[in-house]
Engineer: 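Below are the structure tokens for one structure; questions will follow.
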Amino acid sequence: MNYIDLRSDTVSHPTPAMREAMAKAAVGDDVYHDDPTVNQLEADAAAMLGKEAAVFVTSGTQGNLCALLAHCQRGESIIVGDTSHIFRYEQGGMAQFGGLIPHTVPVQADATMRISDLENAINPDDEHKPVTRLVALENTHNMAGGLPISADYTAEVGAFARRNGLILHIDGARIFNAAAAYSVAVKELVAAADSVTFCLSKGLCAPVGSVLVGNHDFIRRARRARKALGGSLRQAGVLAAAGLIALHEMTDRLREDHQNAQLLAEGLSEIPAVRIHSQNTNFIFFSLALDTELTFDEFVRALWGEYNIRMSPYAGENGLIRLRTHYWIDQPAIAKILSAVRALLT
Ligand code: TLP
């Protein structure tokens with residue numbers, strides 16, 4: 001990348017190895033299940049997450065929606081965090097396309113939801129109320145500042161779900177970041193879940209795509225949902241080829257992104273006009289001191305106009321700037337960012 005883009009990890013471009021693999025990928029028609037590269041990606045993803053089967057989808061949003069459509073019937077209710085991506089940033093697809101009713105529960109500062117709150121969100125067997133079918137977790141949690149949640153907590157929610165006859169889905173868009181943060185195999189983090197969506201296209205750098213995993217019967221139904229949503233692809237092996245590199249070569253290096261985020265946050269915290277709000281995994285949230293000469297918008301514009309550095313205001317909270325490190329933000333880039341911010345703010 002010939003500019004520095006910190007707006008998200010979704011902006012990461014494919015690596016040279018991915019572009020090469022994409023050019024050489026063996027392909028077939030995936031609707032006939034005969035794209036060997038997609039089949040390989042699905043098999044490898046299922047094995048890595050410890051589930052029976054997988055389906056390649058175009059995005060995290062589509063993966064979550066296919067999961068909800070495959071697990072639930074119209075008119076049912078699902079329990080989700082009040083700051084979860086599924087509830088806040090997926091256009092209410094569950095209601096638009098699935099007729100599902102979200103029952104929100106507060107997400108705590110540590111990115112978990114209290115088990116007592118989850119218990120209270122289950123509707124009683126009462127004909128006035130929608131049937132509660134599913135609970136969804138998010139790991140790492142985007143709006144909680146990229147905090148990972150542990151295998152122990154996930155197991156607790158899994159036990160809660162089983163006790164109450166509920167399905168557990170994990171929006172694991174960045175589950176490999178969580179695994180890197182806890183130094184555990186991703187399989188352990190999702191052992192209690194019935195299904196998991198994870199993204200190939202964020203910190204893992206693939207240009208397109210996510211994967212949804214679960215048991216055979218669930219994946220068969222998710223494939224049907226994907227088709228109805230127009231998400232079944234044909235020679236998708238060109239995309240899956242990059243996905244295979246994401247899975248096998250990019251997951252272990254996420255630790256570097258976390259270390260770089262820490263380095264960047266430490267450097268920024270030494271600049272008097274900067275207030276660091278949080279730094280977890282590959283996320284940083286910061287704001288500018290109130291007496292800073294530049295307005296927030298001027299600061300972001302000058303960084304881009306004068307230094308080729310992109311940052312964006314965070315939609316959730318006024319005045320907060322959200323940064324994400326990724327493969328293309330290396331230590332020389334961090335030095336450039338720090339000197340540009342220093343130059344603009346001092
Ligand atoms: N999040 C994007 C934006 O949509 C906010 C970002 O830049 O962080 N789950 C989680 C936890 C996510 O953060 C995202 C993307 C998704 C699902 C959806 O993935 P895509 O963008 O592939 O549909």
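Numbers here simply count residues along the sequence, with the first being 1. As a basis for the values below, the full set of heavy atoms in this structure was taken, side chains included, without hydrogen atoms, waters or symmetry mates. Counting starts at 1 for both ligands and their atoms, following the listed order.
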Engineer: So, is the end of the Arg324 side chain (NZ or CZ) under 6.0 Å from the ring centre of Phe283 and within 45° of the ring's axis?
Structural biologist: yes
Engineer: With heavy-atom distances below 4.0 Å as the criterion, list the atoms of ligand 1 near Arg322.
Structural biologist: 7 (O), 8 (O)
Engineer: Does atom CZ of Arg253 have more than 12 heavy-atom neighbours from other groups under 6.0 Å away?
Structural biologist: yes
Engineer: Test of understanding: given a 4.0 Å heavy-atom threshold, classify the contact between Gln62 and ligand 1 as side chain, backbone, both, or neither.
Structural biologist: neither
Engineer: Is it the side chain, the backbone, both or neither of Arg7 that has a heavy atom closer than 4.0 Å to ligand 1?
Structural biologist: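 Looking at Arg7 and ligand 1, no heavy atom falls under 4.0 Å.
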Engineer: Looking only at the side chains, is there a donor atom on one of His169 and Ser195 sitting less than 3.5 Å from an acceptor on the other?
Structural biologist: yes
Engineer: Run the salt bridge (Lys or Arg N to Asp or Glu O under 4.0 Å) test against Arg74 and tell me which residues pass, sequence neighbours left out.
Structural biologist: none
Engineer: Suppose we measure from atom 16 (C) of ligand 1 to each protein heavy atom; which comes out shortest, and what is that distance?
Structural biologist: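 Result for atom 16 (C) of ligand 1: His85 CE1, 3.2 Å.
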Engineer: Just let me know how Ser59 lines up against ligand 1, side chain, backbone, both or neither, with a heavy-atom cut-off below 4.0 Å.
Structural biologist: both
Engineer: Main chain of Val57, side chain of Ser210: is a donor-acceptor contact present, judged purely on distance under 3.5 Å?
Structural biologist: no
Engineer: For atom 21 (O) of ligand 1, what's the nearest protein heavy atom and its distance?
Structural biologist: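 Atom 21 (O) of ligand 1 sits closest to the protein heavy atom Lys202 NZ, 3.7 Å.
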Engineer: Are any of the N or O atoms of Ser8 closer than 3.5 Å to those of ligand 1?
Structural biologist: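 Checking ligand 1 against Ser8, an N or O pair does fall under 3.5 Å apart.
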Engineer: Is there a donor-acceptor contact under 3.5 Å from the side chain of Asp35 to the main chain of Thr37?
Structural biologist: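 Yes.
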Engineer: Could you list which atoms of ligand 1 come closer than 4.0 Å to a heavy atom of Thr61?
Structural biologist: 18 (C), 19 (O), 20 (P), 23 (O)
Engineer: Quick check: Arg324 and ligand 1, any N/O pair under 3.5 Å apart?
Structural biologist: yes
Engineer: Quick one, Arg275 and Ser269 - any side-chain contact, counting heavy atoms below 4.5 Å?
Structural biologist: no
Engineer: For the pair Glu138 and Arg88, find out whether any cationic side-chain nitrogen is under 4.0 Å from an anionic carboxylate oxygen.
Structural biologist: no
Engineer: Mind checking whether His141 has a heavy atom under 4.0 Å from ligand 1?
Structural biologist: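 His141 does not count as a contact of ligand 1 under the 4.0 Å cut-off.
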Engineer: Polar contacts were defined as any N/O atom of the residue lying under 3.5 Å from an N/O atom of the ligand; does this apply to Ser210 and ligand 1?
Structural biologist: no
Engineer: May I ask you to identify, for Asn142, whether its side chain, its backbone, both or neither come under 4.0 Å of ligand 1 on a heavy-atom basis?
Structural biologist: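 Just the side chain.
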Engineer: Test of understanding: given a 4.0 Å heavy-atom threshold, classify the contact between Met143 and ligand 1 as side chain, backbone, both, or neither.
Structural biologist: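 Met143 to ligand 1: no contact under 4.0 Å from either part.
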